[in-house]
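Please read the structure below before turning to the comments.
We use all heavy atoms of the structure for the numbers below, so side chains are in, but hydrogens, waters and symmetry mates are not. Both ligands and their constituent atoms are indexed starting at 1 by order of listing.
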Amino acid sequence: MANRTAHPHESWLPEANTATTDFPLTHLPYGAFEHEGQQHLCVAIGSHLLDLHACAASGLLPPTLVEACQAPTLNALMSLGHRSWTLLRETLTTLLHAKADPAKRQAAEAALHSIAGATLAKPIHVPNYTDFYASIHHATRVGQLFRPDQPLLPNYRHIPIGYHGRASSIIPSGTPITRPSGQSRPTDLTAKPNFHPTNALDYELELALYVGQPSLLGSPIPIGAAAHHLFGISLLNDWSARDIQSWEYQPLGPFLAKNFATTVSPWVTPMAALEPFHAPAFHRDSTDPKPLPYLHSISDQKHGSLDVKLEVFLSTKATSANKLQPYLLSNSNAQDLYWTPAQLIAHHTSNGCNLQVGDLLATGTISGPAESSAGCLLELTRNGTQPILLPTGESRTFLEDGDEIILRGSCEAPNHPRIGLGECRATILPAHT
Ligand code: MN
């Protein structure tokens, strides 16, 4: 094999070269893991993680990146800006490439750990969290449940709708979710509200967009520069208690129905790895309004959307006991979003609101046009009126204690290795008594 020419994307780690891996050499998503009482940054490659703290200590990284790569979160690296992001990515690609320098390869091998044996942590400190409502299919189907005569509100096609979420309860994949309690009103509208564990616990399939470059208070980010502020993406589950939500949301929007927990997946896919997977912005009907100038750019319309295939799986106590695979609840694609990430950023800052390094902008529930592509149970079961039958014989309207929700995402394009976003998962625990 000595004279064989290495494929341009080939790693010396054979498992990174398979067609099914989430983490080929072209991906290198960032994460963090627990190491001897500290949190170390890492990248995923095949079924392993490469410890960046250890790489920095072994002299494998450029001196200008050592301090940021030995920090517990990615915020310091993000603050260094694009040239540093590119330099680190190029250094790691060379280090893990099939034609790597043998001495450096040996040093890198000493910094590898199996992902399966690692405790992954939240890699980014998130100062602010905003959740949008960017799927027109989600907005329409939810609207049909509550306002059959006017499912989509008149503002929807003009303005990206969002609300400010809670950063303190953003938690990493694998952390169990305690069923929240709250105030709700029974469907019998003459009954009095009461306080109890939610009977309508739901998930929302979303993408997290992480801000890597800040903006100044008072300085809107023009749409042409918006994508430049993004560092990367991950999967996000915006847990929602629908009974609490329906009673509290008017007039100021979601509050305790959503801020009890938001789960993010451990791997942050850098925007550089997503370049082959861009797609045209949502195709608007000829009757739809054109985006206002501050939300319109030709290049954003051409390739500002992301082609990310998304899936939601449910595992119950019975599916695990019977060793059944998790049940596929739905699948959709981030291309189905009505607004692009750049439009969300341009809109968010259009009034002068500033973005900070590490800020998380979530897309909102990503539902496609088909009924089977609905990104939450509220849509799939029509607010609990049409239960889903599972292969175990069980049925679900909303989530039960012991249920586990698993989100997955992947990107495919001709002549590029497939990449996967990994998993975002969590199990429901009974409410506090
Ligand atoms: Mn949401």
query = Do the ring planes of Phe282 and His137 sit parallel (below 30°), tilted (30 to 60°) or perpendicular (above 60°)?
reply = tilted
inquiry  = So does Ile171 get a backbone contact from the side chain of Thr175, meaning a donor-acceptor N/O pair under 3.5 Å?
reply    = no
ask   = Which N/O/S atom belongs to Glu206 and is the closest one to the Mn ion (ligand 1)?
value = OE2
inquiry  = As a test of reading the structure, name the N/O/S atom of Glu204 that is nearest the Mn ion (ligand 1).
reply    = OE1
Atom nearest to the Mn ion (ligand 1) - Asp238, N, O or S atoms considered = OD2
remark   = Correct closest heavy-atom pair for Trp85 and Leu77 would be NE1-O, 3.1 Å
message = Suppose we only allow N, O or S atoms; which atom of Asp131 ends up nearest to the Mn ion (ligand 1)?
response = OD2
request  = For Cys424 and Thr263, work out which heavy atoms get closest and say how close.
outcome  = SG-O, 3.5 Å
